[in-house]
2 protein chains.
Amino acid sequence: MNIHSTEISSAQTDPGSKRELIIHATIKLISEYGFHGTPISMIAHEAGVGAGTIYRYFKDKDTLVLDIFKVVNCAFKQTLLHGYDANQTIRDRFLHLCRGIFQYGIQNPYEFKFIEQFYNSPYGTSLRREKLFCNCGDTGQDLPLEQVFAAGQAQQVIKELPQAALIALAIGPIVFLVKDSIAGLIQLDQTTINNTLAACWDAIQQETGNNRQPVITPSSPSTDKKP
Amino acid sequence: MNIHSTEISSAQTDPGSKRELIIHATIKLISEYGFHGTPISMIAHEAGVGAGTIYRYFKDKDTLVLDIFKVVNCAFKQTLLHGYDANQTIRDRFLHLCRGIFQYGIQNPYEFKFIEQFYNSPYGTSLRREKLFCNCGDTGQDLPLEQVFAAGQAQQVIKELPQAALIALAIGPIVFLVKDSIAGLIQLDQTTINNTLAACWDAIQQETGNNRQPVITPSSPSTDKKP
DNA sequence: ACAGGCGGAATGAACATTCACTCCACAGAA
DNA sequence: TTCTGTGGAGTGAATGTTCATTCCGCCTGT
């Protein structure tokens, strides 16, 4: 068997093995310095292995990072689905998923920043464009958050905005805040998290009527491109 | 006079000059590939100048990027303040600033991603931590968005959340959406922008009473760290 | 002719990757 | 049990490449 295969064996999940040491060192360093900012020599040093050892487990630096991303991204998604109940209300399902992102980010700062880095890299965006990034066991269909939005819009509980905008309104603030937390710029307590999650819900929920204010454009007349 | 000084002279703002060509090439490439991902040779080629020429205008690669960041970041802030009226309502001032970010990002995708990259780099976060990043003519005081939040909280128009959370709720979705737009994943029309801005306001505004729902924590009992 | 901006080859440092070697666990012979 | 041969994990110096930076000669305007 080729040792470079991505098949999961006991040797590949045993913590303390060279392979796991390399993976953790890579996640930690790349989350901080980025792909091009972390030489193999630095990874080897952080992992406490020889540089050559890394090439016993991974074909090259690209493969190393790509393989790790797949594993970390899948684990992240699995975490979100833990305890997820499709029979709950739209709001509760939404809060469950968003809270999951929050908690994952706080508990796994290196993995969180690693995923972030990857998604914002040229490779990440091309993956996202081709929708190839969701083959971790799920069938390539919509993410649960997108299902919640679709269901919520059908029930007129969630605003009629493009999916991308809803995702931005939900995830954007969380990613922003978690990054600040990881950077040590703020200290997140449970109350702030709860209130922020509630605010995210306020952003996407469809109000039932009364005093909705229109958004007027004061300066620019109308710069629509495609109506 | 030292040519490496950051003082602004006519030679430094004339578009079409070697210096400007280098700056624009750097912004474009670094916004796409990041600092370590863009060699000087690539910048020289993109700018259509010799590699050595870059060192006639900038001491080294670090200085090049840092100098550009200062200029771009200041220009960005100036754009936001254009047409800003401190006598408007909290909501209108908020929308003005957020709309400005949106428009700046769409009209200046390279500069936008460049700023993003920088803020998320180790250098950027340390700058943010030390609050040194706002010396572009302003007096180092709070950003206008923070002033709006403070005033809004005093008037009980804006939620009692930490400033960092309010900023995340306001800017997070916009950054998220603009990045998707730049990556070509979505097409932003003015209606979507308006509705997203309104949703951002919904996220931070203090509701006047009635049916506020509490956010309950289903699984975790209470993981507060500092009450 | 000459001063200085400019390009790009030259330079040395840092990098990704390779490879000849060491070390160790274990199987089989004695 | 002890000795010995073997295979494969592990190593880090060696290799060739790429990078940031320097330097020198060309070329243009005066």
Side-chain angles (χ1 to χ4, degrees), chain A residues 1-5 7 9-30 32-69 117 121-123, chain B residues 1-5 9-30 32-69 117-118 121-123:
Chain A
M1 180 195 121
N2 181 0
I3 198 173
H4 290 140
S5 123
E7 186 186 333
S9 71
S10 65
Q12 297 195 359
T13 53
D14 164 41
S17 72
K18 299 280 173 184
R19 192 173 195 275
E20 289 300 308
L21 289 172
I22 292 165
I23 289 176
H24 284 126
T26 306
I27 292 171
K28 177 178 176 183
L29 294 174
I30 288 199
E32 184 155 6
Y33 304 113
F35 179 82
H36 294 289
T38 67
I40 288 284
S41 57
M42 200 192 280
I43 295 173
H45 181 258
E46 173 78 22
V49 304
T53 307
I54 293 173
Y55 291 87
R56 295 198 61 79
Y57 294 98
F58 302 94
K59 186 174 153 286
D60 53 25
K61 198 182 171 188
D62 276 280
T63 310
L64 167 69
V65 174
L66 201 57
D67 281 4
I68 292 177
F69 172 74
Q117 289 257 10
S121 72
Y123 203 178
Chain B
M1 179 193 121
N2 180 3
I3 198 172
H4 290 142
S5 123
S9 71
S10 66
Q12 298 196 359
T13 52
D14 164 41
S17 71
K18 300 278 174 185
R19 193 173 195 274
E20 289 300 307
L21 290 172
I22 292 164
I23 289 176
H24 284 127
T26 306
I27 292 171
K28 178 179 176 184
L29 294 173
I30 287 198
E32 185 155 5
Y33 304 112
F35 179 82
H36 294 289
T38 65
I40 288 284
S41 56
M42 200 192 280
I43 295 173
H45 181 257
E46 173 78 24
V49 304
T53 307
I54 292 173
Y55 290 86
R56 295 200 59 77
Y57 294 99
F58 301 94
K59 185 174 153 284
D60 52 25
K61 199 183 171 188
D62 276 279
T63 310
L64 167 68
V65 174
L66 201 57
D67 280 4
I68 293 178
F69 172 74
Q117 289 257 10
F118 193 89
S121 72
Y123 203 178

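Heavy-atom basis, side chains included; hydrogens, waters and symmetry copies ignored. As the structure is a computational prediction, the values presented were derived from the model and not from experiment.
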- prompt: DNA chain D: V49(A) or H36(B), which has the more 5' nearest nucleotide?
  reply: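 Result of the comparison: V49(A).
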For the pair made of [atom1] in [X] and [atom2] in [N], what is the distance, rounded to whole Å?
X	N	atom1	atom2	answer
H45(B)	dC19(D)	NE2	P	14 Å
F58(A)	dA16(C)	CZ	P	15 Å
I40(A)	dA16(C)	CD1	P	6 Å
I22(A)	dT11(D)	CD1	P	9 Å
K59(B)	dT21(D)	NZ	C1'	11 Å
K61(A)	dT17(C)	NZ	C1'	12 Å
D62(A)	dC15(C)	CG	C1'	14 Å
I43(A)	dT17(C)	CD1	C1'	13 Å

- prompt: Once the angle between the rings of F69(B) and F118(B) is folded into 0 to 90°, is it parallel (under 30°), tilted (30 to 60°) or perpendicular (over 60°)?
  reply: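 F69(B) vs F118(B) ring planes: parallel.
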- request: Compare side-chain N and O positions of Y57(B) against OP1 and OP2 of dC6(C) and report whether any pair is under 4.0 Å apart.
  value: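 Result: yes.
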message: With a 4.0 Å limit, can you tell me whether R56(A) has a side-chain N or O closer than that to the phosphate oxygens OP1/OP2 of dG10(D)?
response: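 Indeed not, no polar side-chain atom of R56(A) lies that close.
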message: Looking at K61(B), I'd like to know if its NZ atom is crowded, meaning that more than 12 non-hydrogen atoms belonging to other residues, nucleotides or ligands lie closer than 6.0 Å.
response: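 Count over threshold, so yes.
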task: Using a 4.0 Å heavy-atom cut-off across all strands, classify G48(B) as base, sugar-phosphate, or nothing.
output: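 The residue G48(B) makes sugar-phosphate contact but no base contact.
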[X] side-chain proximity, nearest of [options]:
X	options	value
Y55(B)	dT21(D), dA16(C), dG5(C)	dT21(D)
K18(B)	dG8(C), dG7(C), dA16(C)	dG7(C)
T53(A)	dA20(D), dT11(D), dG5(C)	dT11(D)

field: Verdict with reasoning, E20(B) to H24(B), per side-chain contact (heavy atoms from CB on, under 4.5 Å)
entry: CA-CA 6 Å; E20(B) 289 300 307; H24(B) 284 127; 3.8 Å; yes
query: In Å and rounded to the nearest 0.5 Å, what is the OG to CD1 distance from S17(A) to I23(A)?
result: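 With rounding to 0.5 Å, OG (S17(A)) is 7.5 Å from CD1 (I23(A)).
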field: Given DNA chain C, 5'-ward residue of the pair M42(A) and G52(A), judged by closest heavy atom
entry: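 Nearest-nucleotide comparison on DNA chain C picks M42(A).
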task: List the atom of Y33(B), the atom of H36(A), and the distance in Å for their closest heavy-atom pair.
output: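 Closest pair (atom of Y33(B), atom of H36(A), distance): O-CD2, 4.4 Å.
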